[in-house]
Amino acid sequence: MHREIIEPFRIKSVEALRFTTEEERGEILRRARHNPFLIDADDVLIDLLTDSGTSAMSANQWGAIMTGDESYAGSRSFRRFEAVVHDIFGFRHVIPTHQGRAAEKIVCTLLCGPGKAIPNNCHFDTTRANIEYKGAEAVDLVHDRARDPDDEHPFKGDVDLDRLAAFLKERGRDRVPFGMVTITNNAGGGQPVSMKNLRGVSRLLREHGVPFLIDACRFAENAWFIKTREPGYADRTPLEIAREMFSLADGATMSLKKDGFGNIGGFLALNDGALAERARNVLILTEGFPTYGGMAGRDMEALAVGMREALDERYLEYRVATVRFLAEHLTEQGIAVVRPPGGHAVYLDARRFYPQIPPLEYPAQALVCELYRKGGVRGVEIGSVMFGLHPDGTESPARQELVRLALPRRVYTQAHILYVAETLGEMYAERAGVRGLRIVRQSPYLRHFTAEFEPL
Ligand SMILES: *Cc1c(COP(=O)(O)O)cnc(C)c1O
């Protein structure tokens, strides 16, 4: 008999949602210049803008917060945090930072510079920006099948090992200070990377004497996909799988706002003692003393508990089932989504949703606006608004026009998710009348955060 996969928690503390009418939301949207980033969170019913820092903490995490040791040096809370990172990730040196990009910034400050290049499956925006800020090149070597939204391959985050081998041969060890793999591949649709592929990357980088860093933000979701999709791992626990993944690398950068159940937090972990010492010197300049970095003692306590909870099998089963549930309800209604659904978000294909809207009239932006107006749901445009403007001021269509619906961890119930699917179903039935937008104001960099639009 089929048994529903249920939320593996009960709710002790709740936050009321504020309901608005469609008419009110039309006015709010106008005031926000048709850019959902400019809408106040209180005016949003279901917020799927990001899964970063938006998780619900458990009663155990809140309890741990009260035990935080706020000592400047040698904090007990750091020792607890460090012990959990050692246990799961295994790296010798743990450098606490306020979030993931601070760890990236430290690594890039020490190792990047003009003429250098860093390979990855897909660099996340902050990683790319930190690398490019130091004058180095961020190179994406994800396998080609990641570019086909209908390809059902179970590990679409895998690196193309042939291209990595050619890249290493061409650039040589002196110009490649380190290599990375992002698990799961956020910029590539939250798609997982297989253990086999991680092993292949590790072998190639070691052959060339290039250190291997894992961008570990969604390591627990990646471990779950390995357990459920990769032959030979069904009987291993997510913790065992995580340890095996990290045993292949020399270090990791981590945003604990993802699979750490934190509202803030991160770390850099390294095996190389000399590099770790240099990293701590930069840490003191920009973040704080090495036993707190950019965090309060109470943050480290909550994260020490959160990292373990993220590896709980019941939680991971529910997490991935929720994403699949949303994707499947959309597919049933004829709505195109990137396949297969990944670990933290569903990506809608706005070109197929609104085929009447040309790319430079921003179909994905039109979709996020309609989704807010119709249902009070906030998603994010990942298309020509985000990627269409070039440094020389010219504009061209992005490769895809996507809308990302990211699911905060343990925050919404199945009824909330069903409501989102129903809202989109209604919008799909009425899709023919929807028009695109034009930009009336924008900034030259990262324009999607602040651009102002007008409906056509
Ligand atoms: C969120 C994220 C980062 C950056 O972490 P922040 O905590 O937002 O600074 C880096 N890489 C990936 C894959 C991410 O998802």
Side-chain angles (χ1 to χ4, degrees), residues 37 48-55 81 85 89 95-109 112 118-133 138 140-142 146 156-159 178-193 198 212-223 225 245-246 249 251-269 283 286-288 293-296 299-300 302-303 306-307 310 319 323 342-345 347 380 382 386 402 404-409 446 448-449:
F37 277 107
L48 307 184
L49 191 73
T50 177
D51 66 322
S52 177
T54 52
S55 303
F81 175 85
V85 178
F89 296 80
I95 294 157
T97 61
H98 77 282
Q99 59 186 91
R101 70 196 68 183
E104 295 165 359
K105 166 91 181 157
I106 291 170
V107 172
C108 292
T109 300
C112 290
I118 290 81
N120 202 331
N121 43 1
C122 291
H123 288 276
F124 181 67
D125 344 356
T126 58
T127 323
R128 173 179 300 280
N130 271 302
I131 290 168
E132 291 176 353
Y133 184 70
D140 290 348
L141 296 177
V142 72
K156 279 167 92 175
D158 280 0
V159 173
F178 60 97
M180 293 185 88
V181 173
T182 305
I183 59 172
T184 59
N185 190 21
N186 187 4
Q191 298 289 340
V193 180
L198 287 170
F212 177 18
L213 300 183
I214 292 180
D215 178 338
C217 297
R218 295 177 184 78
F219 76 98
E221 289 166 10
N222 202 84
F225 283 119
M245 295 190 302
F246 296 117
T253 57
M254 178 71 185
S255 170
L256 291 164
K257 301 173 72 172
K258 322 292 172 44
D259 279 354
F261 282 124
N263 302 124
I264 197 73
F267 65 76
L268 168 64
L283 184 83
T286 58
E287 291 279 297
M295 289 184 283
D299 296 331
M300 294 188 280
L303 293 165
M307 280 183 269
R319 170 80 175 150
V323 176
H344 70 289
Y347 294 72
V380 64
I382 303 190
M386 194 178 271
L402 303 178
R404 186 183 77 176
L405 305 175
L407 301 179
R409 293 167 182 76
L446 300 174
H448 56 283
F449 289 123

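For the numbers below, each heavy atom of this structure counts, side chains included, while hydrogens, waters and symmetry mates do not. Just follow the structure's listing: the first ligand is 1, and inside any ligand the first atom is 1.
Checked by distance only, ligand 1 and Arg101 come closer than 3.5 Å through their nitrogen or oxygen atoms. The shortest N or O to N or O distance between Asn186 and ligand 1 is below 3.5 Å. The shortest N/O to N/O separation between Cys217 and ligand 1 does not fall below 3.5 Å. In terms of polar-atom proximity, defined here as any N/O pair under 3.5 Å, Asp215 does make such a contact with ligand 1. Close N/O approach between Gln99 and ligand 1 is found [any backbone or side-chain N/O within under 3.5 Å].
A donor-acceptor contact closer than 3.5 angstrom links the side chains of His344 and Asn186. Defined by atom type and a distance below 3.5 Å, a donor-acceptor pair is missing between the side-chain atoms of Glu104 and Thr253.
Scanning all protein heavy atoms for the shortest distance to atom 4 (C) of ligand 1 gives Thr126 OG1, 3.5 Å. At the shortest separation from atom 10 (C) of ligand 1 among protein heavy atoms lies Glu104 OE2, 3.1 Å. From the protein, the heavy atom lying nearest to atom 5 (O) of ligand 1 is Ser255 CB, 3.3 Å.
Heavy-atom minimum distance, Ala406 versus Ala345: CA-CB, 3.7 Å.
Seen from the ring of Tyr347, Lys156 does not count as a face-on cation partner, given the 6.0 Å and 45° thresholds.
Of the candidates Lys257, His344, Lys258, His123, the one placing a heavy atom closest to atom 2 (C) of ligand 1 is Lys258.
Here is the list of ligand 1 atoms found below 4.0 Å of a heavy atom in Thr182: 13 (C).
Ring orientation note: the planes of Phe37 and Phe449 are nearly perpendicular, at an angle over 60° on the 30°/60° scale.
Side chains of Phe81 and Met307 form a contact here, defined as non-hydrogen atoms less than 4.5 Å apart.
Salt bridge annotation for Arg409-Asp51: present, with a cationic side-chain nitrogen under 4.0 angstrom from a carboxylate oxygen.
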